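Input: a single structure, listed below in structure tokens.
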Amino acid sequence: MAILDVLVYPDPALRAMAEEVTVFDGKLKKLVSDMYETMYLSKGVGLAAPQAGIPIRLVVIDWEGARYALVNPRITEAEGAERAEEGCLSFPGIYEEIERPSKIRVAYQDEDGAPHDTVIEGFLARVFCHEIDHLEATLMIDRLSRLKQAFIKKKMERKAKAAAATGERER
Ligand code: NI
């Protein structure tokens, strides 16, 4: 296993559209286990492949022991709306209240390519929505007011500059 580099905003790779996964091989399984390891080390509850600079439709999630490796996930139904605070490994130190559906239906494949169709509610639905957004190049700040977006962009750009100046990568 290997620890992947998690890209931090404003890295342009976070805006790449993810491609459909068509090959279910050992390479994909290794990537899934590397993504789990990286996510656990970073103390995240979800990680999308584009956050590691790999533009494919793959997400790993572990929230309170509910583990999912989602390949080619699509939200097919959504209902309700809930506001709650969320964070993102690509925005370290930023936590914002974001509105998400309270219940979703998701079609996806597992790492062997087997199809699944499941209904998810509550905070786990929020995690699914956040991670699937990454596959569409949508970031959590895109769901905030323009004022908040501008504030966070400035803050992140300042952090990136400071990190570059000291030759360190922010994680
Ligand atoms: Ni995220």
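Atoms within each ligand, like the ligands themselves, are counted from 1 in listed order. This one's a predicted model, so the numbers in the text were calculated from it and none came from an experiment.
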R100: which residues meet the salt bridge (charged side-chain N to carboxylate O under 4.0 Å, His left out) condition with it, sequence neighbours left out? E86, D133

E97/R143 ion pair, N-O < 4.0 Å: no

Could you report the tightest heavy-atom contact between I141 and Q149, atom names first, then the distance? O-CG, 2.9 Å

Does K155 have any salt bridge (charged side-chain N to carboxylate O under 4.0 Å, His left out) partners at least two apart in sequence or in another chain, and if so, which? none

Apart from V106 itself, what residues make up its hydrophobic cluster, given side-chain heavy atom links below 4.5 Å? V45, V59, I61, W63, Y68, L70, I75, I104, Y108, I120, F123, L124, V127, F128, I132, L135

Which heavy-atom pair separates L14 from Q51 by the least distance, and what is that distance? CD2-CA, 3.9 Å

Residue and atom names of protein N/O/S atoms that fall under 2.8 Å from the Ni ion (ligand 1): C88 SG, H130 NE2, H134 NE2

